[in-house]
Every structure is written in C-alpha cells, then in structure tokens.
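The next block holds one structure in the form of structure tokens; read it before the comments.
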Amino acid sequence: MQILSLIRERFESALNGWVKNPLEHVQRITPARDPQHGDYQANIAMPLKAELGKAPQAIAAELVAKLKLDDICEPLEVAGPGFINLRLRNDFLARQLEQSARAERLGIEPATQVKTFVIDYSAPNVAKPMHVGHIRSTVIGDALARILRFLGHRVIADNHLGDWGTQFGMIIYGYKNFVDPSAFQSTPVPELSRLYRLVQTLIGYQESLPKLPFAEKKLAEAQAALVALETSKLDEKQKAKELKAAKKSIDSAQEGLDSLNAKVSPVASNPELVELSKAHEQLEKRCQLETVKLHEGDAENLALWNQFLPLSIQEIEAVYRRLDIKFDHTYGESFYHPMLEGLVQSLVDQGLAVTSEGAICIFLEGFDAPMIIRKSDGAFLYATTDLATIEYRMKHFQPDAILYVVDFRQSDHFQKLFAAARAIGYSNVQLNHVSFGTVLGPDGKPFKTRSGTVLGLEYLLDEAVERAYQAVCDPDRLMKAGLDFTEDDKREIANIVGHGAIKYADLSHNRTSDYEFNIDKMVSLEGNTATYIQYMYARTGSIIRRSEMEVNDANLHEFPIQIQQQAERDLALNLLQFEDALHQVTVEYLPNMLTVYLYGLAKQFATFFEECPVLKAEDQATKRSRLAICYATGKVLRQGLELLGIGVVPRM
RNA sequence: GCCCUCGUAGCUCAGUUGGAUAGAGCAACAGAUUUCUAAUCUGUGGGUCGCAGGUUCGAAUCCUGCCGGGGGUGCCA
C-alpha cells in the first residue's frame, strides 16, 4: 500500500467526528517539498481555522494529540502557521522496502475500482509518411495505456486511422496520371509517397499562384501605411501604438507572401512541373472528385484503395514494431463510414440536428458556430465520424472514460464534440481531450520538414539509433568501463537507447507545453534523459553481478535492509514513492510525472553509489542490505521505464 | 473582432493542482578519479516567476485588466 494512503487513513480517523469533511482535508497531505520539513507535510490546520474557530497552531496541536502514527513516524512536529511535519521511522522504511522489493508488482495493488478506458492515440493518416509530429500522440497514448493497465484498469487502445480522407483522392488521382509503374512494382510505398507529395505540391502551386499579386499588394500597402504613419501628427503614445501595429501587419504580410512563394517556387522553377500543372488544371477539384467517387463506392477507386491501404498499413506497423507500440483495435475512419448516413438521419429525426445554410448542423449552447455533420454537398466530416465513433465505443466497450490524445489545436473541435455527445445523451462517460503542444523547430516555430524534403519518422529513429551507437559504443569508453561487446550486443544497445531517447524526450515534457525538437539533446547522454536512467539501471545490475551472489524475489528475505546513512534513507523513501508517482500520472494524464520521478530516483541512486560502498561495505549485514537496495532500485527503474515504453539493457 | 492557450535562470524545461527560503539539466566556474562502469559525484554563481491590481493565514499557481508569443474561429482533419 502506498505510504501516503496509509498516512491519510490515520488522519482521516483522527478527524472523523471532529470536522465536517475529513476526506477533503486529508487530500492536503503531500510529500514535503523541502526535506528539512520532513518526508510528508499536512497542510490541514490552516483552512480549518474558520470551521473550528481556533488558531491553526492550536488545531494542529490538537490533531497531533489525536493521531496514532507512532508505528510509522517519528514524533510529529508542528511548524510555522500550523503545518504538521511527518518524518518516517527508519525501521518502517526498511520494512516497507523489503516487502515491496520482493513483491511481484512492487507491492502495488490493482485498483479496487476497475475502470474501462478507451484511449484514442497515434491516428496517422495512411498514405502520408509519418513524421516527427506523430511522435507525441503515439508515445503519450502508449505510456498512458501502459500505466493505466498496470494499475489494474481495463484499457482499450484504439488507433483511429485516417484511412478515408481526401488524401486518398490525391493518391488515386496521382496513381491514375503520374505513376511510374516499375517503381510502384518494386517499391510501392515510396512511390505512393512520391505521388502524394507531387499532387500536394501541384495543388499548393495552383492555389498560391493567383494569390501572389494580392499578397504583394497587401505588403506594399502595409509598407505605405507605415510611411504615412511616420509623418502623421498623432500624439506620441497613440503613434507608438499604431506604429507597432503597422510593423506587425508588415510582418504578417511578409510572412504570407513568403509562404505563398514557398509553395509556388518549387514548381515555377521546374518547367516540367509547370507543364504538369497546366495539363491538370483545378487539380484539387479533380482529387476531390476521386474522393467522392471512392466514398460512393466506385469500383475502380475502391479497388485502388484496397490495394493501397495494406501497403501503407504495413509501413506504419513497421514503425510501431520499432517503437514497441501495440493497439487492441485499429478501427479507421473507413470502418465508421457505413454508419454515418444513419447517424445523421437519426439526429435529424430526434430534432438534435437541423439544416442551416444547406448543411446539417448541431447547434450547441455556448458555441458561436454549430458543429456541421454533413456538408451542403452531402459529404460527411471528421465530426460525423467522431460522433459515430463515440456511439460505437459506448455500445461495444461501455467505457468509463474515452481519452483523445490529440493536438491542442483541435480543442475547439473536441469541446463541441463532447457537448454534442452530452446533448445526444452520453452523460455517464468521461470524455477527455488529452491535448498536447507543438513540436517546435530550432527557430521556435512549428517543426516543419526542411524545404521540400520530408524528415520522416523512420529517418529520425535511424538517426537516434546511430548516434546512440556512436556515444554508447565508443571504443574508448567501452575499454575504460571494461565492457566487451559483440557487434550484435552493440546494435541491440543502440536500438534500445536510441528509441528510448526519442520517447523520453517527448514524455519528459509536460504534454501541454510546446517543446523544441533537438535531436542532439535527445540522444545526449547527460542530464534528464532516458540514457542516464538506463545507465543507472545497468549499474544496479553490475554491482549485484560482481557480488557473485544470487539475489531474487524469492531469496530477498535473506538480505534484510537496514537504513544507516542519509543516502540510503533518501533512496529508500524515493523507492517507496513509485506508486504515488503512478497515481500522479493518472490525475491529469501527465506522463512527465513519472519521468520526473524516475530521473530523481536515478540521481538518488547515483548519490548512494558514491557514498555507500556495497561490495566493500564494512560488514556483511551492511553489504547484504545494500545489495537489496540495489536490487530494489533496479526493479523500480526497469518497471518505470517499461511503463513509458522504454527498455533497459543489463550492461551498457 | 471573439474564444482558447502560453510567458519561470544566458539556453532548454520542471514546479505534485493554493503551502514554508521558486527547482533541474545544459552552458560557466571550482573540486573529487590507480572506480562497485567518471555516461558519475560534490560545490559556486546565476530569478522583479511578462506588468499592474485583487482574492486570503499564504499566490508562479485562482480572479480582473494590460503587454507579448502561439493556436482556433460555418462546410479541412
């Protein structure tokens, strides 16, 4: 059982019958922020001032007198305005650690109230190459699935594949008109990617070219406005403000012009492409038509779709295999397509959806714009599929919660979707947009593929593995560390370290923040990285191996733990807070709560490693105790990393 | 225009949901090594938590306004 729950229980029984809502107050017992205030602190007395009509210090003193904690804690201490500081007894820590270290699941009991979670994550668009932007959803969703499952919940991992969207119209059109048959024969997936990019480039060109004169005019106007402003006779303050606005509108005009040029110039500079564009005017419309034909069941397009889809999925699955990501279901958009017509009809019949400006809409309280579920041309939208998906999931899985691990830019969409779901009557399910921030490039702007060339996810992973290989398997380092690896060993280590680096870099940021993508830093072997933690894990094993003693769950009772040094105590306390860290993750679905914990634990072990010799310990009892501590640390580090989808190696 | 979101050390980021003197890593500087794997450890310097008010025992955290960045905003996903 987690220590925190244990302490809270004791407080609860002391508060029972004395204050109105003990459970609420007990939540204000937390691990101490500052170790000089003990291990845990109870910030309970201060808010009770009003209810009990006494000074907080007096309340705290009274509470301390009522508490029965002497088997767990040193004598309690009231400090400052009424904090109660708790310090665990060393023998309690040692006993707890012995118990949890030999338990199969580190003593973590499965949840008593098992909940069903559907987690919707990754969701790449098939036929578009996966890139750096797909990392976040995939890795965060996978970590949450692993952690919730470990805590005993029922988890349904569902990959809502984009397999029915407009990109297929583009690829079908590209295939019909631009395919290189021999390339498609030998390497179909890259050829499909090429076709997709070609069509996309041409469409971008056709869209942007006519806008170019307007953008140029807008820029010129903005510049003229600035000049006019500079000579005008406004008062200083007003003028400064307007100058700023004028400069800003120049910047945005410039930016607009630049982005148009970026779409125009790759084609304009290539006569062949210009010819292609001329031969395929209104390309976007043509592609849309192919999409419509597909959706209407056109035999040729459906056959092409059926041919392309498995190829693309194979490609995606190869990435998942590398990353050790597994789903329970992969119900893509196409899976829901047959349900959409009926869904919209029934919403109209119920009066929940109405026709407005030719489109079928759901109007929701608190939103300016409606949620459109059928376009005026009859086509369905993302929102329609999402509603059908909720209906399907509710019917087949009866979830307590559905988590959508999707980019924060879609938060409006999800707010509407959730409001619509409630309006339809799905009230006994928690719908949660587990949103995440943008991956930024070195310029602080959204990470874009470098001018034209796509920085694919596969390339990125290869790069990380290669750098991991160079760093970890540096011959000098291996010699100094006395490590003698075969080439296979090295490759395996590089794989685990490289992939772990990418995942950890993502998971260690608060998911709601943007973060700067920096491959050097990710695969760097210093600081808050997976590699550091993996390294500390390897050291726990290395000590045990060198002791030439067998240490395992079954015989761990022969290695009784005694806590003597500060470093041992800090490490033991840290180890026992693993379960707390996991629960922290689940409160707001923040995997970085676990990375923070693991990094702290790894650092704590490094301190222990420096200060507490194991093999050269002063006596046998100390040696055995410290071996047990190493064993426990290794176990928690390995388990923690595994819950993040990150592996370990015995030596590195 | 309206709505959402962010602003913390030179840089990259945490901050356990309102707790005590705001923390890490990188970079800089000073130490520790015939090692239990130095990919390490110990220490130093570095802050107006964007600004101004408010709420209360107590605010980086909640509320209001302003400044600045990002995103969204009726038929894309």
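Letters go in sequence order (proteins before strands), and every chain restarts at 1. All figures in this text were calculated on a predicted structure; none of them were measured in a lab.
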### Task
Could you check whether A:Thr607 gets within reach of a base, just the sugar-phosphate, or nothing at all, counting any heavy atom under 4.0 Å?
sugar-phosphate

Interface polar pairs with nucleotides 71-75 of chain B, N/O, under 3.5 angstrom:
| unit_1 | atom_1 | unit_2 | atom_2 | d |
| --- | --- | --- | --- | --- |
| B:rG72 | O2' | A:Asp412 | OD2 | 3.0 |
| B:rG74 | N1 | A:Ser356 | OG | 2.9 |
| B:rG74 | N2 | A:Ser356 | O | 3.2 |
| B:rC75 | O2 | A:Ser376 | N | 2.9 |
| B:rC75 | N3 | A:Ser376 | OG | 3.4 |
| B:rC75 | N4 | A:Glu357 | O | 2.6 |

### Set of residues satisfying side chain to side chain contact (heavy atoms under 4.5 Å, CB included) with respect to A:Ser411, sequence neighbours excluded
A:His433

### Message
Suppose we screen for ring-ring contact (aromatic ring centres under 6.0 Å, His included). Which residues come up paired with A:Phe335, at least two apart in sequence or across chains?
### Response
A:Tyr331, A:Tyr392

### Query
Where does the angle between the aromatic ring planes of A:His295 and A:Trp164 fall among parallel (under 30°), tilted (30 to 60°) and perpendicular (over 60°)?
parallel

### Query
RNA chain B in dot-bracket, Watson-Crick or G-U pairs under 3.5 Å, [ ] crossing, | other strand?
(((((((..((((.....[...)))).(((((.......))))).....(((((..]....))))))))))))....

Kindly list each side-chain donor-acceptor pair under 3.5 angstrom involving residues 600-617 of chain A, sequence neighbours excluded, with atom names and distances?
| unit_1 | atom_1 | unit_2 | atom_2 | d |
| --- | --- | --- | --- | --- |
| A:Thr607 | OG1 | A:Lys603 | O | 3.2 |

Check nucleotides 27-31 of chain B against the protein and report each pair of N or O atoms closer than 3.5 Å, with its distance, or say if there are none.
none

### Task
Provide the full list of side chain to side chain donor-acceptor pair (under 3.5 Å) pairs with a residue in residues 581-594 of chain A, sequence neighbours left out, each pair given once.
A:Gln430-A:Tyr589

### Task
May I ask you to say what A:Tyr535 touches in the nucleic acid, namely base, sugar-phosphate or nothing, with a heavy-atom cut-off under 4.0 Å?
base

#### Entry: Distance-only polar pair, side chains of A:Gln566 and A:Asp570, donor-acceptor under 3.5 Å
yes

### Query
Any Lys/Arg nitrogen of A:Glu341 or A:Arg374 sitting under 4.0 Å from an Asp/Glu carboxylate oxygen of the other?
yes

### Query
Does A:Phe380 or A:Thr531 map to a spot on RNA chain B nearer the 5' end, using the closest nucleotide for each?
A:Thr531

### Query
Are any of the side-chain nitrogens in A:Glu62 or A:Lys54 under 4.0 Å away from the carboxylate oxygens of its partner?
yes

### Message
Applying ring-ring contact (aromatic ring centres under 6.0 Å, His included), can you list everything that pairs with A:Tyr469, at least two apart in sequence or on another chain?
### Response
none

### Counterpart residues, side chain to side chain contact (heavy atoms under 4.5 Å, CB included), relative to A:Asp368 (two or more places apart)
none

### Under 4.0 Å protein heavy-atom contacts per nucleotide of nucleotides 12-24 of chain B, with B for base, S for backbone only and - for none
BSSSBB-BBB--S

### A:His413: ring-ring contact (aromatic ring centres under 6.0 Å, His included) partners, not counting sequence neighbours
A:Tyr382

#### Entry: Side-chain donor-acceptor contact under 3.5 Å, A:Thr389 with A:Asp386
no

### Message
Going by ring pair (Phe, Tyr, Trp, His ring centres under 6.0 Å), name the pairs with one or both residues in residues 522-548 of chain A, residues two or more places apart or in two chains.
### Response
A:Tyr532-A:Tyr599

### Query
Hey, does A:Cys473 reach any base, or is it just sugar-phosphate, or nothing, if we go heavy atoms under 4.0 Å?
nothing

### Between B:rC63 and B:rU56 - P atom distance, rounded Å
15 Å

